[in-house]
Amino acid sequence: MTKTNPGNFFEDFHVGQVIEHATPRTITDGDRALYGAIYPTRFAIPSSAEFAASVGLAEHPVEDLVAFHVAFGKTVPDVSLNAVANLGYAECRFHRPVLTGDTLRTSSEVIGLKQNSNGRTGVVYVRSTATNQRGEVALDWVRWVMVHKRDADAPAPETVVPEVADVVAPDDLVLPAGLDFSAYDTTAAGEPHRFDDYTVGETIDHVDGVTLSESEHMMATRLWQNTAKVHFNTEARPDGRRLVYGGHVISLARALSFNGLANAQLVAAINAGSHVAPAFAGDTVYAWSEVLDKAAPAAWEGTGVGALRLRLVATKGRDETTTLRGDDGKYAEGVLLDLDLWALVPR
Amino acid sequence: MTKTNPGNFFEDFHVGQVIEHATPRTITDGDRALYGAIYPTRFAIPSSAEFAASVGLAEHPVEDLVAFHVAFGKTVPDVSLNAVANLGYAECRFHRPVLTGDTLRTSSEVIGLKQNSNGRTGVVYVRSTATNQRGEVALDWVRWVMVHKRDADAPAPETVVPEVADVVAPDDLVLPAGLDFSAYDTTAAGEPHRFDDYTVGETIDHVDGVTLSESEHMMATRLWQNTAKVHFNTEARPDGRRLVYGGHVISLARALSFNGLANAQLVAAINAGSHVAPAFAGDTVYAWSEVLDKAAPAAWEGTGVGALRLRLVATKGRDETTTLRGDDGKYAEGVLLDLDLWALVPR
Amino acid sequence: MTKTNPGNFFEDFHVGQVIEHATPRTITDGDRALYGAIYPTRFAIPSSAEFAASVGLAEHPVEDLVAFHVAFGKTVPDVSLNAVANLGYAECRFHRPVLTGDTLRTSSEVIGLKQNSNGRTGVVYVRSTATNQRGEVALDWVRWVMVHKRDADAPAPETVVPEVADVVAPDDLVLPAGLDFSAYDTTAAGEPHRFDDYTVGETIDHVDGVTLSESEHMMATRLWQNTAKVHFNTEARPDGRRLVYGGHVISLARALSFNGLANAQLVAAINAGSHVAPAFAGDTVYAWSEVLDKAAPAAWEGTGVGALRLRLVATKGRDETTTLRGDDGKYAEGVLLDLDLWALVPR
């Protein structure tokens, strides 16, 4: 009998099933530095321990997306090793900043199943929760993914499609303990624009582009212990190309968004996300954002913190017109990523 | 007179000679992270400080092979800068886990010399010992390497060929202080297979492959301060290709072996090793293992620890038949590495 | 109105203007490791905490050039985003070693302006100062850069060309607190050559070469938060090539200079520097040095420290003849970098 992990197929999942994912992973300053070597990030809180202290944080967190990628990577061997496609994210909330020395582990509960009409694949919905060494929730999220069946003749399970929120309600966003933007230093942060300077409907072309090369995306994807073969092995796809991990495009777009959103310091939630098209080495990735909403929950009174709901779009080739969809309602040529998130900014 | 290091030639070595190698090197969490960015490793002990503590380790060690590469790299400028080929390893024992903050230095004693019949090269045998900042041995090993003579007319030294053990005896393996697998968590570690689940003669196809690209092998090799020109300089070889450091293939194969050997947590010894063929960027590397032996020394009673002696084979292209040698007794096409090691697993 | 940073144009600068640059950046052991993965550096002080302690340093500093690149990178968005060329450096002094945990920020004062006769560009002179979290100066330097005008019709400012020293006077070099080379261990450091072994006018061919690949220079440049588009984006230049950050060539040449200058442990000052020609992935970079001067200020009596003034030259392709300029007085074919620095060596 083989000892190697074949991954789960559609018929291996059942609603209510809880999967404890291997392997716990301790975050270090090495992750911090590699993140900065792989993505052109300059947000002042993860960049500077002094800045983090100046806004009330007791310790120096790493980028929120470091936690996201590590936590997410753990689910791959159990949830998406036999995936056809990553269909969506929802209700991803960041409950506390992740610090160097924190050890993250992730578990997932299957909350929905729906076999496709072709009988060869099905959609699995999971709610995943990453906790630290004290058992505190660091982040949680829902994702759904299309997975191969092992056996097309296996009977279809009862269809259960969970309700997921289109957007995390502002009152459900979690402010990191101690966060206080009252004395926020826009000069150190790099831009003057605050909460009131952004208007719903406004779009921001982030201008800068990065041409992908083969090593960085593989280094990042390995760092998160994501084992999906297509990212590393030219023999795993008919076209002989290595597919760039979708999360690499998320982090790249987020880093590029500094130029215009330098004060969108922390990601509080990811409301939704679509990997619209695959990215490959040689592609030059740009980004633009649209302000979808603004919120300042009453409970945040006195903290100086507001939240911007942002659509963050990554494109292959720069699109100064910031066009998401064509007249046919389909994503415009060149769109790679359409991400909907809440970010915390100074008021 | 030139101030640059020409390296030692065959006639510069004499039996009994002790070489203190430059340059001491402090291990940090940056090395830990880079190792994880360069190799797809997921072994739970080096991945998680919590997991390491749960098996009795007082501090969070880095991968054993980090220590091996750093210690080995120090010997290159003195021992193998003028090497034709790295012929073999033996008796490599890991005496204690290496922790962040440890500073390693290496010294080597020449224990054998044998001039080749062509008169232009000779084989140098050295026993190398890496110690930490407290003078404690971290690891030691024997290797032999074919080195150019500076002057073909220089007289041949007396031939001394040391006896080296084919395999480190199980009683000579060193358990890290405090290691206790009694409460070992196979869920967190990623696989259920324990000592008793492995059978001598069993082979395991590790399934996954990684296509080498140019930057990662150079970054790793530099990180270990290995200065051999052929790894970095396209002008150093007639074919204009950069040769991948053999240790890079060792670490890659070891990381790939997680899939089927996730509980082979620690490397206790390397019994032998052959770099069968060179590897280059563009090659896709796979691995398989054979269980050569099992041991549970009486002194380990109560620790829950057993040892598997494993042949770890790296191949260019996947070999699901796990074929080491052809009918002619020669290594099969595609074999890159044949490594013989002891690993510690839970009973 | 756009929220993205267009950078400053020539007419945005005025003499006496002080620019506080974003974003403060904390140095970690991750930076130390990445520096060692990207450059083949082996200088014993940054390599080994034990060695650093043995020469009187209270803590383990990172490479001086880590501090230089981080400090320099901060100035790019404000000073050189619209630069045509980086024309020169002067009076760069390292005031104290930078330690892990230090947070650097940089400010610049405009000390000179000179519009070019073409009316479309001008030269901006700035004195930049990087300070740590205690407000202590880590390093400072002067650089001048040719910057585009936004509007060719904008009036020329009064021409002010600052006087800068050709070389930092030895008495102005700063010894790190506690530095004492009296018990310096040349074996651990890797070479026997001390202050008295170097002669003014001597040249040293550093022998080794490294072929540049695309990922490493981008990772380094991002790590320093340097945002100049030409280093990352193949669409930013007509030739579709990514230009290697000049500082990458500086660090590479400095690392290669270990072979012959292993005891030139610390950089005390950079007197001048010219990026003579651009470098690209695929180029093989070599280095040679010339001893320009030697100094041992009276104030250093008893420390065992001397200073070598070195010309460090990086070339594309090895030049064993160490030829800086041709008969026409122009830089010789293949010269990439001409850097003039003071390094601290044991007497």
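Note that the coordinates shown come from a computational prediction; the quantities given were computed from them, not determined experimentally. Note on naming: letters A, B, ... go to the chains in the order of the sequence lines (proteins, then strands), and numbering restarts at 1 for each one.
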Q: Output the option from A/His231, A/His21, A/Arg25 having the highest count of non-hydrogen pairs under 4.5 Å with chain B.
A: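 Most pairs with chain B among the choices: A/Arg25.
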Can you name the nearest heavy-atom pair linking [X] to [Y], along with the distance?
X	Y	value
B/Val55	B/Ile45	CG2-CD1, 3.9 Å
A/Arg150	A/Gly7	NH2-O, 4.5 Å
B/Ala189	B/Tyr184	CB-OH, 3.3 Å
B/Thr315	B/Arg318	OG1-CA, 4.3 Å
A/Thr75	A/Phe72	OG1-O, 2.7 Å
B/Leu324	B/Val335	O-CG2, 3.8 Å

(Q) I'd like to verify something: which residue of B/Ala52, B/Ser47, B/Gly260 has the highest number of heavy-atom pairs under 4.5 Å with chain A? (A)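 Counting heavy-atom pairs under 4.5 Å, the top option is B/Ser47.
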Q. So which of B/Ala188, B/Ser215, B/Gly190 has the biggest tally of heavy-atom pairs under 4.5 Å with chain A?
A.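 Among B/Ala188, B/Ser215, B/Gly190, the one with the most close pairs to chain A is B/Ala188.
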Q.
Less than 4.5 Å to any heavy atom of chain B: does that hold for the side chain of A/Thr227, its backbone, both, or neither?
A.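 Answer is side chain: those atoms of A/Thr227 sit under 4.5 Å from chain B.
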Q.
Is A/Arg105 close to chain B through its backbone or its side chain, or both, or neither, when contacts mean heavy atoms under 4.5 Å?
A.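 For A/Arg105, the contact with chain B is made by the side chain alone.
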Q.
Determine whether A/His248 and A/Leu212 satisfy the following criterion, side chain to side chain contact (heavy atoms under 4.5 Å, CB included), listing intermediate values before the conclusion.
A. CA-CA 10 Å; A/His248 187 67; A/Leu212 298 175; 4.0 Å; yes
Q. Which atoms of B/Ala49 come close to chain A, meaning under 4.5 Å heavy atom to heavy atom: side chain ones, backbone ones, both, or neither?
A.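 When you check distances to chain A, atoms from both the backbone and side chain of B/Ala49 fall under 4.5 Å.
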Q: Please look at B/Glu50 and chain A and tell me whether the side chain, the backbone, both or neither of the residue comes under 4.5 angstrom of a heavy atom of that chain.
A: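 It is both, since atoms from each part get that close.
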(Q) Can you classify the ring geometry of B/His193 versus B/Tyr198 as parallel (below 30°), tilted (30 to 60°) or perpendicular (above 60°)? (A)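 Aromatic pair B/His193/B/Tyr198 classed perpendicular.
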Among [range], which residues come closer than 4.5 Å to chain B, judged by heavy atom distances?
range	value
residues 218-226 of chain A	A/Met218, A/Met219, A/Arg222, A/Leu223, A/Gln225
residues 28-44 of chain A	A/Thr28, A/Gly30, A/Asp31, A/Leu34
residues 76-84 of chain A	A/Pro77

(Q) Measuring from atom CG of B/Asn259 to atom CG of B/Leu256, what distance do you get when rounded to the nearest 0.5 angstrom? (A)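 Those atoms lie 8.5 Å apart.
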**Q.** Residue from B/Asp208, B/Leu261, B/Ile204 passing side chain to side chain contact (heavy atoms under 4.5 Å, CB included) with A/Thr4
**A.**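 The passing option is B/Ile204.
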So, do [X] and [Y] sit near enough that their side-chain heavy atoms are less than 4.5 Å apart?
X	Y	answer
B/Asn132	B/Val98	no
A/Asn233	A/Arg242	no
B/Glu290	B/Leu310	no
B/Phe181	B/Arg194	no

Q: Step by step, work out the side chain to side chain contact (heavy atoms under 4.5 Å, CB included) result for A/His95 and A/Asp140.
A: CA-CA 8 Å; A/His95 293 254; A/Asp140 60 357; 3.0 Å; yes
Q: State whether B/Glu333 and B/Lys316 are salt-bridged, where the test is any N-O pair (Lys NZ or Arg NE/NH1/NH2 against Asp/Glu carboxylate O) under 4.0 Å.
A: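 Salt bridge between B/Glu333 and B/Lys316, a charged N being under 4.0 Å from a carboxylate O: no.
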Q: Determine, stepwise, if the pair A/Thr121 / A/Lys149 fulfils side chain to side chain contact (heavy atoms under 4.5 Å, CB included).
A: CA-CA 5 Å; A/Thr121 54; A/Lys149 291 179 72 175; 5.8 Å; no
Q: Applying side chain to side chain donor-acceptor pair (under 3.5 Å), run through B/Tyr286 and A/Glu235 and close with a yes or a no.
A: CA-CA 11 Å; B/Tyr286 294 80; A/Glu235 300 178 351; 2.7 Å; yes
Q.
One pair to check against salt bridge (Lys or Arg N to Asp or Glu O under 4.0 Å): A/Glu136 and A/Arg96. What are the steps and the verdict?
A. CA-CA 9 Å; A/Glu136 300 161 340; A/Arg96 49 178 44 74; 3.6 Å; yes
Q. What's the verdict on side chain to side chain donor-acceptor pair (under 3.5 Å) for A/Asn5 and B/Glu191, showing C-alpha distance, side-chain angles and the deciding distance?
A. CA-CA 8 Å; A/Asn5 175 24; B/Glu191 290 184 350; over 6 Å; no
Q) Of all the residues in residues 56-71 of chain B, which have a heavy atom that comes within less than 4.5 Å of a heavy atom in chain A? A)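 B/His60 fall under the 4.5 Å cut-off.
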